[in-house]
Amino acid sequence: MPRENQFANVGPLSDSLDRTLAAMSAVTTAVLFAWLLYYSGYGLSLGNEGFHLNSIANPFAYAINVPPTLFGFLYHWPYQWVGGDIAALRMANVTLTMALGWALSFLTIRRLWTVDWPSAAVLSAGMASLTLVAFYRCWLLTPSYFSLNIQSASIVMIGLLLADQRGRIRQVCAWILVGIGGWCCFMARPATAAGSALLVMFYVVVLGRKSLLPMLAAALLALALLIGTAYLIGGGIAALVTRMVNGIEGMALMGDGHEMSRVLRIDWPPITRSQLVIAFLAATALLLSILVGTAHKFLTTLALAAVLIATIAIVLLGSEPISVEPLTLFLVPAITWLGVIFYREGSVLRTQTPTSTAVALAFLVLPHLLALSSNVNYWEIGSLAALFWMLAVVAFLCPLAKERRSVATLLPLTVLAQLLTASIVNAGMLRPWAQMKNLRAYNAVTAMPGGGKLVLSQPVHDYLTQAAAEARAAGFEFGTSVVDLSNSPTLLYVLEARALGQPWLIGGQPGSNEVAVKALGLENCADLVKAWLLVAPDGPRHLDQASVVASFGAERDDYIVAATFEAPAIDGYYPKAHRRFLLKPARPAGLAEQSCHDTRRQRPADQKWSHS
């Protein structure tokens with residue numbers, strides 16, 4: 001498809017308006033990106049963020065991963081490179097995610113549209129701002145298997161788009177990227193890796209390419225990287241298989257939607273009437289600006305400029321004029337698709353090429369592939385990768401490029417992507433899960449392990465600093481082993497403790513206690529009998545102390561209270577303030593270790609996980 005080194009619409013006035021709007025969009029993109037970087041040092045979830053941090057800080061300490069993910073090994077070295085500074089690690093994660101989204105959007109536009117590279121760079125950067133939506137849920141900027149999943153899928157799609165271009169070296173590099181992306185998918189979520197492999201085969205078949213050999217080479221590269229990972233982790237292939245099988249079994253034992261039978265399922269999208277109205281209005285405005293905007297160019301430009309100004313206002317002021325839910329990120333592209341189908345009696349649909357069809361369908365299903373094996377509604381998890389849905393629209397609309405309207409068509413899509421990003425990310429900052437409301441209002445600078453600092457809410461700051469002070473006063477040392485029965489992985493990270501069994505012994509699920517017992521069964525008795533306990537009898541989602549400690553031959557009376565501190569109430573996470581207790585082992589180590597061995601010998605084999 002030939003490229004034109006000019007803005008799409010004919011005429012100096014139209015050209016000038018497009019350039020002005022593109023410049024405003026570039027500024028908005030910079031503001032959105034700087035916004036996330038600035039607030040990378042704010043907030044800390046008391047729930048699952050501790051799981052991610054513990055997994056990254058010391059991934060080699062665990063013989064099992066529940067859920068079955070190896071993301072901690074991949075992010076461990078970047079964590080060390082930044083000296084354990086959480087804010088710096090978050091900045092790197094945001095930058096990498098945004099950069100991959102930018103590259104993917106740029107390649108999609110250049111592959112399917114007649115846009116010169118400076119214009120494509122501006123437009124793709126604006127669309128790539130949608131990658132920032134990946135961090136709104138729980139305000140989780142720290143690297144996790146969610147972010148690795150999205151980054152991996154982006155690498156795979158970048159490779160597939162590059163594979164269509166001419167030049168042997170370029171195609172070799174493209175399939176290397178596909179292989180690396182597939183390996184990263186496995187490190188994030190094995191289920192996603194399987195789905196991505198099927199997606200690659202579908203893409204190649206639809207295009208009718210003779211790519212069997214390159215695809216096989218990419219698969220062998222991914223396998224080689226996986227084998228290298230197995231030996232780097234320790235134990236080789238057999239140990240890795242055992243680790244993953246135990247992890248899958250652990251998820252099945254956990255229950256509450258984690259069963260294998262629930263991996264492949266169809267979730268009903270949680271559509272509300274208000275979100276449907278918002279999505280319909282946004283899609284209608286988008287279609288009008290794309291399809292009839294040339295007839296009213298000046299008014300369209302003014303409207304889009306106003307949207308960009310509103311986007312920046314949301315970022316700077318933190319206001320929430322309209323509550324936009326994550327599912328809107330799918331509804332807007334879906335309604336746009338339907339609207340364009342009827343444009344000129346379906347001319348856009350009839351003029352689709354095999355490439356545009358393959359790209360559009362791949363982007364459309366990719367967010368659901370990323371959600372495989374999650375117990376959360378697949379639409380909600382898929383919305384974290386909303387950029388792919390928007391790029392599906394970009395691919396679907398590419399026949400309009402033949403009408404010399406490329407930039408004029410893509411600018412409204414870019415502007416809308418930026419507005420949706422600002423609205424949803426801002427909502428995540430105002431109501432972060434497992435944290436105090438309004439992250440912008442935090443003002444308590446808190447020291448973190450590794451020498452870094454985070455800005456937290458005053459109650460959370462007081463809770464963490466008091467807990468650390470009480471623990472140190474009780475003789476708790478860095479690296480001390482702890483069995484966490486309070487569902488407090490983040491507190492363990494702040495105390496610089498070694499969490500036994502798992503980076504997070506998840507509570508509150510039907511099989512939580514059973515999973516905790518089996519995970520702790522993989523630990524050495526010598527470590528278990530010296531471990532302290534962290535308990536919260538009145539806290540939410542805590543584990544049963546009696547049954548868990550009994551699994552390694554201990555009783556309640558074998559521990560004494562060494563420190564007491566109060567966890568603050570947090571809407572949606574801690575319904576009310578409650579006390580937590582740090583318990584110190586009181587039995588002689590030799591007697592306790594013998595009791596642990598005796599108890600384990602009496603346990604049936606089916607109540608144990610095999611060691612890797």
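Only this structure's heavy atoms are used, side chains among them; waters, hydrogens and symmetry mates stay out.
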Donor-acceptor contacts under 3.5 Å from residues 320-327 side chains, at least two apart:
{"unit_1": "Glu320", "atom_1": "OE1", "unit_2": "Arg431", "atom_2": "NH1", "d": "2.9"}
{"unit_1": "Glu320", "atom_1": "OE2", "unit_2": "Arg431", "atom_2": "NH2", "d": "2.9"}

With side chains defined as the heavy atoms from C-beta onward, is the minimum distance between [X] and [Y] less than 4.5 Å?
{"X": "Val393", "Y": "Leu413", "answer": "yes"}
{"X": "Phe363", "Y": "Leu104", "answer": "yes"}
{"X": "Ser374", "Y": "Arg189", "answer": "yes"}
{"X": "Tyr136", "Y": "Thr421", "answer": "no"}
{"X": "Met127", "Y": "Ile109", "answer": "yes"}
{"X": "Gln171", "Y": "Pro214", "answer": "no"}

How many angstroms lie between [atom1] in [X] and [atom2] in [Y], if you round to the nearest 0.5 Å?
{"X": "Leu107", "Y": "Leu160", "atom1": "CG", "atom2": "CG", "value": "11.0 Å"}
{"X": "Leu391", "Y": "Leu364", "atom1": "CG", "atom2": "CG", "value": "11.5 Å"}
{"X": "Trp175", "Y": "Leu213", "atom1": "CH2", "atom2": "CG", "value": "10.5 Å"}
{"X": "Leu370", "Y": "Tyr145", "atom1": "CG", "atom2": "OH", "value": "13.0 Å"}

Quiz item: Who pairs with Ser274 by side chain to side chain contact (heavy atoms under 4.5 Å, CB included), at least two apart in sequence or on another chain?
Solution: Thr272

For [X] and [Y], work out which heavy atoms get closest and say how close.
{"X": "Leu21", "Y": "Ala305", "answer": "CD1-N, 3.7 Å"}
{"X": "Arg90", "Y": "Gly43", "answer": "NH2-O, 2.9 Å"}
{"X": "Ala362", "Y": "Phe202", "answer": "N-CE2, 4.5 Å"}

Exercise. Dump the intermediate steps for side chain to side chain contact (heavy atoms under 4.5 Å, CB included) on Leu387 and Ser105, then the final yes or no.
Key: CA-CA 9 Å; Leu387 173 64; Ser105 303; 3.7 Å; yes

Exercise. Apply side chain to side chain contact (heavy atoms under 4.5 Å, CB included) to the pair Phe51 and Ser144, showing each step before the final yes or no.
Key: CA-CA 9 Å; Phe51 162 65; Ser144 64; over 6 Å; no

Exercise. Would you check if there is a donor-acceptor pair between the side chains of Gln418 and Thr28 at a distance under 3.5 Å?
Key: no

Quiz item: Can a donor-acceptor pair be found between the side chains of Gln151 and Thr97 at a distance below 3.5 Å?
Solution: yes

Quiz item: Can you list the steps and then say if Leu410 with Val394 is a side chain to side chain contact (heavy atoms under 4.5 Å, CB included)?
Solution: CA-CA 8 Å; Leu410 293 174; Val394 172; 4.1 Å; yes

Quiz prompt | Crowding at CH2, Trp337 (>12 non-hydrogen neighbours, <6.0 Å) | solution = yes

Quiz item: side chain to side chain contact (heavy atoms under 4.5 Å, CB included) between Arg541 and Ile506: does it pass, once the steps are laid out?
Solution: CA-CA 8 Å; Arg541 298 176 291 278; Ile506 304 172; over 6 Å; no

